[in-house]
Amino acid sequence: MLARCDVVIENFRKGVMEGFGLGYESLRGANPGLVYCQITGFGRTGPLADHGGFDLIAQGMTGLLSVTGEGPGRPPVKCGPPVTDITAGILGAMGVVAALYSRGQTGVGQRVDTSLYEAGLVQTFWQSAVALATGVSPGPLGSAHPLAAPYEALPTADGWITVGGWNQVNWHRLLDALELRELVDDPRFATNDARMKNHAALREVLTGRLQTASAEEWLRRLEEAAVPAGPVLSMLEALRHPQTVAREMVVAVEQGGEAVETLGMPVKLSETPATVGRGAPGMGEHSQEVLGEYGFEEAEIEELLRSGVVGSFNA
């Protein structure tokens, strides 16, 4: 199987695959075109290369917990989704595609090495730029932006909305929509720099106005004024939103003999569109199917299952 495959992906600690005799150096001899992707906690080099890692640990060590939360002095907050797990998978996939493209030119495969740690650092590009430029570590800002205002979630009479009114065109449009034209000449809010310096006062003024009407009413007015804005939706509200439906981002697949819903393909290709064809497999669900594709006879497969060399979903 290894002699024929294009890509191996593993996420054990450093050295585990080598212990199985399945490390990159062992396999590339038999398959010079092999692309071997390794996703670990901290990468294959450096003082933490031998350490295991989880998303929470990576979020803490890459600064994500320090910039997520309601504000200074509040407890550190984890990003809701396992952002370093997800990003590391995306980075790994991107590296595999690049390695396969290179192999198409050279015929030679290579190792792809990424980690949760690097995935976390990549997600801090805004905060890293600020820290490197100023020598000061930024802290949490709630939903606000480190360099622009107003660009955040704000409360209305019956719920929260997000507003992106920071550049001058949208700032003036926002004032029109909120019927706050008197703020145009207010020196505290005249420019983005001034609004950032007086952010607390700005937020107080905007909140006071927004809480006089419903989220639906304000979103209607902001849409008419061409101000970027949106509701703060629950997960189920987001999944049932007409835009989600139109983009086929929730699809039905067969799993365990019944139809279940799952996320669809987030990238649309015009010539080779992708689909989600089946649900997430159970452990060993496709063992017999895959072994059959590689030429194993039924008796050989039964022996591998009986001996426990491979697992079976139905075992």
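Positions are given from 1, in the same order as the sequence printed here.
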| said: Set out, in order, the CA-CA distance, both residues' side-chain angles and the distance that settles salt bridge (Lys or Arg N to Asp or Glu O under 4.0 Å) for R209 and E182, then state yes or no. | reply: CA-CA 13 Å; R209 179 60 176 149; E182 66 272 16; over 6 Å; no
Identify, with sequence neighbours excluded, every residue that meets side chain to side chain donor-acceptor pair (under 3.5 Å) alongside [X].
X	result
R247	none
E216	none
S115	E118
Q255	none

Could you tell me if the side chain of [Y] sits less than 4.5 Å from the side chain of [X], heavy atoms only?
X	Y	answer
N31	L2	no
L48	M61	yes
S26	F20	no
L178	R221	no
H172	V184	yes
R103	D6	yes
I161	L222	yes
V276	M265	yes

Residues 122-130 side chain polar contacts: donor-acceptor under 3.5 Å, at least two apart:
unit_1: Q123; atom_1: NE2; unit_2: T87; atom_2: OG1; d: 2.8
unit_1: T124; atom_1: OG1; unit_2: L121; atom_2: O; d: 2.7
unit_1: T124; atom_1: OG1; unit_2: S128; atom_2: OG; d: 2.6
unit_1: S128; atom_1: OG; unit_2: T124; atom_2: O; d: 3.1

Residue pairs passing the salt bridge (Lys or Arg N to Asp or Glu O under 4.0 Å) test where at least one lies in [range], sequence neighbours excluded:
range	value
residues 288-309	R278-E289, E303-R306
residues 149-161	E152-R203
residues 23-47	E18-R44, E25-R28, E25-R111
residues 77-90	D55-K78

| field | Straight-line distance of N170 CG to L175 CG, nearest 0.5 Å | value |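 The distance works out to 11.0 Å.
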| task | List for me each residue that meets side chain to side chain contact (heavy atoms under 4.5 Å, CB included) alongside L291, sequence neighbours excluded, and say none if there are none. | result |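 L291 satisfies side chain to side chain contact (heavy atoms under 4.5 Å, CB included) with M1, F296, I301, L304, V310 once adjacent residues are dropped.
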| field | Residues which pass side chain to side chain contact (heavy atoms under 4.5 Å, CB included) with V136, listed by chain and number, not counting sequence neighbours | value |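 Listed in chain order: T134.
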I'd like to know if [X] and [Y] make a salt bridge, using a cut-off of under 4.0 Å between side-chain N and carboxylate O.
X	Y	answer
E223	R220	no
K268	E248	no
D176	R181	yes

Between [X] and [Y], which heavy-atom pair has the shortest distance, and what is it?
X	Y	result
S312	L305	CB-CD2, 3.6 Å
W171	R195	CD1-NH1, 3.3 Å
V112	A99	CG2-CB, 4.0 Å
T114	A88	CG2-O, 3.9 Å
A149	N192	N-OD1, 3.0 Å

| request: Only pairs at least two apart or in different chains count here, so list each ring-ring contact (aromatic ring centres under 6.0 Å, His included) that has a residue in residues 174-227. | output: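 ring-ring contact (aromatic ring centres under 6.0 Å, His included) check on residues 174-227 returns no pairs.
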| query | Is there a donor-acceptor contact under 3.5 Å from the side chain of T84 to the main chain of A119? | reply |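 No.
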| query | Any donor-acceptor pair under 3.5 Å linking the side chain of Q59 with the backbone of C79? | reply |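 Confirmed, Q59 side chain pairs with C79 backbone.
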| task | For the pair Y117 and F42, name the ring-plane relationship: parallel under 30°, tilted 30 to 60°, perpendicular over 60°. | result |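 If you compare the ring of Y117 with that of F42, the planes turn out tilted.
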| query | Shared ILVMFWY cluster between V83 and V67, side chains joined below 4.5 angstrom? | reply |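 Different clusters.
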